[in-house]
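Written below as structure tokens is the structure these notes are about.
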Number of protein chains: 2
Amino acid sequence: MNWAGIRFDEAEYAERERRLRAAMTAHELDALVLSDDRHTWYATGFGDVGPIGSAARPRILVIPAAGAPAFYVHHSTRTTVAEMSFVADVRTYRELATAPMAEIGRFLAERGARRIGAELGGGMRIGTTVNDLDALRAIVGELVDASPALWSVRAIKSAAEAERLGSACAITSDAYAAVFPEMHAGMTERDVAARLRAAMSERGAHSSWVWVVSGPGEFDRIDGVTRERVLDDGDLVFVDMGACVGGYWADFSRAVVIGRATAHQREMQRLIAEVTMIGTEALTPGRVTGEVARLVDAAMAERGLVFSSEAGRYGHGLGMVVTEWPDIAGDSTVVIEPGMVLTMEPGMWTHEGMFHCEHNVLVTPAGNEILSRFPLELVETS
Amino acid sequence: MNWAGIRFDEAEYAERERRLRAAMTAHELDALVLSDDRHTWYATGFGDVGPIGSAARPRILVIPAAGAPAFYVHHSTRTTVAEMSFVADVRTYRELATAPMAEIGRFLAERGARRIGAELGGGMRIGTTVNDLDALRAIVGELVDASPALWSVRAIKSAAEAERLGSACAITSDAYAAVFPEMHAGMTERDVAARLRAAMSERGAHSSWVWVVSGPGEFDRIDGVTRERVLDDGDLVFVDMGACVGGYWADFSRAVVIGRATAHQREMQRLIAEVTMIGTEALTPGRVTGEVARLVDAAMAERGLVFSSEAGRYGHGLGMVVTEWPDIAGDSTVVIEPGMVLTMEPGMWTHEGMFHCEHNVLVTPAGNEILSRFPLELVETS
């Protein structure tokens, strides 16, 4: 009860440990050393729906192939850890800003671990200082990049995880529906972002992210920052955003025109929505990510469109962070499996707009389920 | 205008670069390689008030002692970088999830950099994968821990930074004042957190963090997670939280009793508030952090109090992240200087409550200014 909406049930964690151990076997790892607090939350149940804001008290989970896992946490957190963690062997330390690497090294030696995996690559980040990681390497020798093993586990969502992602997408859709029709000239991009954030929060999001870009003539910017730019009649306002529910993130874009859209804007949106649907329908079990990307390339080319959103990929996984493995890109060779939650987001920009209307889907045994239900069409406010 | 509230003015960045270079000289560094996106935002002006949610496109700033800095960003962000960054030499790359370390290595070699600093220690985190950092080390040799140099710069806030911290504290105070009197039995801890977050957001916070713990008999937990625990009449509800304004965070706790406080609760809160004020008044220029900690230790002992909040320190710096250098702890020997923004937070728990009422202060040439103005007394709802 106390941890409703944060922690999952015991069976979920048993299954996660089983899958992590299977991935360790497949990748020939004798142990995993996990310090990213999304990983410790994922594997133990202790943590919160968002990452720790402080680097003062690292949490490190060690899963040896031989024997039970050990969870290293700061002494001050022991009561909550004892209640939340399904890993029983909790070991506390009292220092600040540094992790007990000597102890962890001893534990790994006792378990005979030689090929030890950590979060070294694959777009992952460690949850300790580099100095601490180097101290561990000085004790145990080289560490192996565990990101392929970890992504293979994280990429396949359980029913309980898919439910949170579905709720996150539903809240995101509802926020678009509530806020887009009310937008008007004189608001700034940041006003729009604040309203969307409030709409997601009121609907139960624990957190959210929002990016707004508007123009004409302002769309050659990706991964930009929401500005104080004042909206005018006729502006197209492009929004990419997502709610977080129970630690799981939505990520889909939509656009609205203040007033009425031009014929060019309608036609471009119609074309990109067509391509988005072709790509979305291809996100089914057995397909290969690179093959899907080439299919979308061909659909773009047939319509005379150039992929100019420049993000470097047509989509990606989605889960505890907004962008997860796998990428849907030309050189990617991942086989799509049931349980994956993926984005599909071909896009392009012109002087009149950013044309990009993303879907988030849950891959099912029979195909996929679209979670991002808000329509792909441009919204018009008059 | 577009970047109001996110970026500072040009003089601020010139001064930051001057101070970073002075710290490089003091720490004998030939170059800094910065990948934490709080550092790239701090030093260039490009970025947002919160960290990037994605590890897909690292941002790396290289400041050589000999010559102008170079800023490595993903191609897709170039338009916004060109507008926001005061570092003129922007170099783009097109890969995903990996940083152009070979190029950065060449740049460092061209500038003759040998002692190269990076964010290796001091509770810092790198903004690249460990694999990328190792790739850079394979090219340039050992990296040096730049965290002492970086903290020495970040710890002294400019007037513009102090203003944002002041706003963050004012919003946090106002949220306590608005929400505490309305709390009642039947709400859960997470309901309380949601109301406080909404109150901060309505008052202009860009983001916020909140931790709530309530009882009786539940206070032996620090760094815990806000629960679905239902509040009852007579419960003491302890909150630690902070608003974020323009990328700068508040961090101070207060407590409220649902109904009327007991004599024990009032007395404990009175004692800890006294100790907190003794510690707060000692946060003045020229004092040494460890000396302040020992002074607070003595004030606790005189009152028969045991420091049981177990956080391991009586306070810390505050700024772009919620906990910054320096720690106010017995073994810390940092000289307090004007411009530092520090917390003072002695605390203890008993069966009836968490007694901890934190102050945030801006150290001034004459002493300090308290930013966390909401009173230290227990609030009572009836």
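We name chains A, B, ... by the order of the sequence lines, and we start the count at 1 in each one. Given the structure is predicted, the values throughout are model-derived calculations rather than measurements.
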Donor + acceptor pair across side chains of A:Arg59, A:Ser35 (<3.5 Å): no
Main-chain N/O of B:Ala4 paired to B:Arg7 side chain as donor or acceptor, under 3.5 Å: no
Heavy-atom pair count under 4.5 Å with chain A, highest-scoring of B:Leu120, B:Thr80, B:Thr188: B:Leu120
Closest-packed option against chain B by number of heavy-atom pairs under 4.5 Å, given A:Leu96, A:Val322, A:Asp327, A:Ile126: A:Leu96
Top contributor to chain A contacts, counting heavy-atom pairs under 4.5 Å, from B:Ser201, B:Pro51, B:Ala55, B:Gly5: B:Ala55
Sidechain N-carboxylate O distance under 4.0 Å for B:Asp220, A:Arg78: no
Most contacts with chain A, counted as non-hydrogen pairs under 4.5 angstrom, among B:Gly50, B:Gly123, B:Ala193, B:Ala82: B:Gly123
Residues forming a side-chain hydrogen bond (donor to acceptor under 3.5 Å, both in side chains) with A:Glu95, sequence neighbours excluded: none
N/O donor-acceptor pair under 3.5 Å between A:Ser54 side chain and B:Thr323 backbone: no
Partner chain B: residue of A:Ser147, A:Ala97, A:Gly121, A:Ser207 with the largest heavy-atom pair count (under 4.5 Å): A:Gly121
SB check A:Arg227 A:Glu218 (cutoff 4.0 Å): yes
Proximity breakdown for B:Ile6 and chain A, heavy-atom pairs closer than 4.5 Å: both
Salt bridge (charged side-chain N to carboxylate O under 4.0 Å, His left out) partners of residues 125-134 of chain B, not counting sequence neighbours, each pair once: A:Arg137-B:Asp134, B:Asp134-B:Arg137
Most chain A-contacting option - heavy-atom pairs closer than 4.5 Å, from B:Gly127, B:Ala329, B:Ala56, B:Ala198: B:Gly127
Largest heavy-atom contact set with chain B, pairs under 4.5 Å, which of A:His206, A:Met84, A:Arg197, A:Glu119: A:His206
Option that, when pairs with chain B are counted at under 4.5 Å, heavy atom only, ranks first among A:Asn2, A:Val130, A:Thr79: A:Asn2
Winner by heavy-atom pair count (cut-off under 4.5 Å) against chain A, out of B:Val213, B:Thr226, B:Thr128: B:Thr128
